[in-house]
Amino acid sequence: MEGFDTVISGADVVDGTGAPRRRADIGIRDDRIAALGDLSTARAGARIDATGRCVAPGFIDAHTHDDNIVFATPDMAMKVSQGVTTVVAGNCGVSLAPLRLDGPPPPPLDLIGDRADYRFARFADYMSALDAAPPATNVVAMVGHSTLRAGEMDRFDRAATPAEVEGMKRRLDEGLAAGAIGLSTGLFYPPARHAPTEEVIELARVAARHGTLYATHMRDEGERVVEAIRESMRIGREAGLPVILSHHKVAGIANHGRTVETLALIDEARRSQPLGFDVYPYVAASTVLSAERVRVSSKTLVTWSRSVDGVSGRDLAEIAREWGVSPEEAVGRLLPAGAVYFLMDEADVQRILRHPEAMIGSDGLPHDAHPHPRLWGSFPRVLGHYSRELALFPLEEAVRRMTGLTAARFGLRDRGEVRPGAFADLVVIDPSSIVDRASFEAPKKPAAGVETVVVNGRVVWRDGAPTGARPGRALRRGQLDAPMRDWRAAA
Ligand code: ZN
Ligand code: CU
């Protein structure tokens with residue numbers, strides 16, 4: 001037998017398909033898994049002893065806002081510390097490219113960068129910049145509808161004109177040709193709120209022509225969540241492409257329990273069209289600060305403010321009391337700002353996580369001064385808290401929801417599974433101790449139990465720290481499979 005660059009030995013392999021774990025050594029040659037089995041006598045450039053541990057495919061973060069942090073913090077510690085090896089960027093209608101700005105980015109575009117960061121007139125330039133300065137993780141990205149609008153429109157409180165729609169279609173077409181894997185919208189947010197469904201359908205048809213998909217932060221995740229799911233279904237049907245409902249949730253105290261309704265509707269829809277969703281494992285949401293969201297939340301924490309110093313991590317109600325003003329007035333003084341909102345029900349979160357279609361996505365906001373803990377904790381929290389401690393599903397099933405399922409949905413060829421021929425994106429975990437340690441009070445704490453993380457055959461995380469290696473790749477649509485069309489298969 002030829003030798004290997006690296007052999008991971010002694011572990012139970014959890015292969016990403018949901019199959020029961022089995023003992024096998026993993027032989028890595030260059031960037032791929034070359035062999036699986038008893039490799040105890042094989043020649044190896046390096047050996048990683050993983051006795052008593054599990055090895056899984058590197059986790060795929062189905063929902064991120066990592067478009068810009070991959071340049072700013074290329075070691076991607078907040079992700080690789082969780083075992084994440086690929087991130088899906090460009091979510092919620094917000095992508096860093098294609099857009100150059102003359103002024104400050106309109107919220108929520110300011111969540112991922114300042115004016116100077118929006119420097120890529122073409123999506124191809126963004127992909128080239130990733131090639132030139134790769135991060136530790138692989139990156140796939142979508143083109144955001146709000147980013148397209150910001151590039152074509154002088155104001156957002158109206159539908160785009162036919163000429164503006166044409167301009168957006170051209171930009172989108174360029175992005176998809178350069179390797180973007182889909183179109184995302186954030187119809188909830190002001191830059192896109194006044195876009196009629198027909199505008200989105202026209203753009204989604206361009207995405208469909210390129211064989212890509214549509215992901216959406218829906219118009220409403222509260223009282224009108226069912227109408228919003230129906231709108232998303234219609235866009236998928238009329239444009240003819242798969243739909244991903246982003247960070248599925250039911251928000252607002254008055255709507256607690258309604259995931260019974262939304263998941264039934266999703267199941268019904270999936271009988272006739274490809275429709276999936278991602279979810280993060282917390283009862284609190286996070287985005288830009290707005291009085292509207294504060295009103296439906298039981299508690300709000302400020303994550304950053306560009307107008308007032310020293311408020312990151314503090315309770316909004318407390319700040320308002322201190323200033324002797326209403327929470328609404330306090331919001332006005334803090335803007336532009338971000339917040340964590342406690343507005344979900346634990347039973348809803350668990351019901352969504354338990355659904356066999358649930359992909360895990362962090363929705364982490366990596367530029368926030370005091371981020372939601374989902375940025376550093378989502379994947380170990382699903383594995384440690386929801387799988388091991390609460391027994392929502394076995395470890396194998398938890399891993400499938402963050403690897404094999406996600407790779408199939410996005411068409412990430414040869415990723416998300418441990419098998420010979422697949423890329424060597426791997427994570428060694430201690431199944432008995434893995435758990436999130438990031439909290440709302442201390443949100444930047446690396447998880448416990450993630451021991452070694454390998455991306456394209458190279459170790460990026462070991463002994464609780466990044467190695468400094470940056471073997472990640474910008475994965476382009478043209479090198480990937482089409483997103484899976486028959487989504488019933490995995491259910
Ligand atoms: Zn969103
Ligand atoms: Cu998001």
Side-chain angles (χ1 to χ4, degrees), residues 60-70 78-79 84 87-96 105-113 139-149 180-193 195 200 213-222 224-225 228-229 231-232 235 243-252 262 276-290 292-293 296-297 303-304 338-341 343-344 349 352 358-368 371-379 406 409-410:
I60 300 166
D61 192 341
H63 185 112
T64 85
H65 296 283
D66 292 346
D67 304 50
N68 189 27
I69 201 73
V70 289
M78 70 293 196
K79 292 296 165 72
V84 170
V87 299
V88 180
N91 275 286
C92 298
V94 176
S95 60
L96 197 64
L109 272 66
D110 57 350
L111 287 174
I112 63 167
V139 183
V140 288
M142 293 182 284
V143 174
H145 171 230
S146 293
T147 294
L148 294 175
R149 283 193 131 223
I181 59 156
L183 166 72
S184 80
T185 59
L187 298 174
F188 165 80
Y189 292 109
R193 188 171 289 179
V200 181
L213 49 74
Y214 172 65
T216 179
H217 179 154
M218 299 189 294
R219 228 176 259 283
D220 198 311
E221 296 179 310
R224 297 176 59 81
V225 63
I229 294 174
E231 181 187 29
S232 311
I235 292 164
V243 176
I244 292 173
L245 308 180
S246 295
H247 43 60
H248 185 45
K249 68 170 81 65
V250 172
T262 62
F277 60 88
D278 58 77
V279 59
Y280 53 80
Y282 295 87
V283 292
S286 183
T287 182
V288 285
L289 181 64
S290 83
E292 188 185 347
R293 291 232 125 180
V296 296
S297 302
T303 52
W304 57 274
V340 161
Y341 304 96
L343 43 61
M344 285 173 255
V349 172
I352 294 169
M359 293 186 279
I360 308 304
S362 70
D363 200 10
L365 296 171
H367 302 275
D368 288 10
H372 187 305
R374 66 196 186 188
L375 177 64
W376 286 78
S378 288
F379 292 82
T406 317
R409 290 293 173 265
F410 286 96

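Just so it is clear, the values below take in all heavy atoms, side chains as well, and ignore hydrogens, waters and symmetry mates. Keep in mind the model is a prediction, meaning the values are calculated, not measured. Indexing begins at 1, ligand by ligand and atom by atom, following the structure's order.
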Review point. Within less than 2.8 Å of the Cu ion (ligand 2), any N, O or S from H65?
Key: yes
Practice item. Could you confirm whether H217 has any N/O/S atom lying under 2.8 Å from the Cu ion (ligand 2)? Key: no
Review point. Can you find a heavy atom in the side chain of K249 that is under 4.5 Å from one in the side chain of T262?
Key: no
Point to revise | Qualifying residues under ring-ring contact (aromatic ring centres under 6.0 Å, His included), relative to H63, sequence neighbours excluded | key: H65, H247
Exercise for review: Can you label the angle between the Y189 ring and the H217 ring as parallel, tilted or perpendicular, going by 30° and 60°?
Suggested key: perpendicular
Check your understanding: Can you tell me the N, O or S atom of D363 that's nearest the Cu ion (ligand 2)?
Key -> OD1
**Study point:** Angular separation of C92 SG and H63 NE2 about the Cu ion (ligand 2), given to 10°
**Key:** 90°
Check your understanding: For H217, what is the atom name of its N, O or S atom nearest to the Zn ion (ligand 1)?
Key -> ND1
Review point. Are any side-chain N or O atoms of R374 and backbone N or O atoms of D363, one a donor and one an acceptor, separated by less than 3.5 Å?
Key: yes
Exercise for review: Tell me whether C92 has at least one N, O or S atom under 2.8 Å from the Zn ion (ligand 1).
Suggested key: yes
Review point. Do D110 and W304 have side chains that get closer than 4.5 Å, going by heavy atoms?
Key: yes
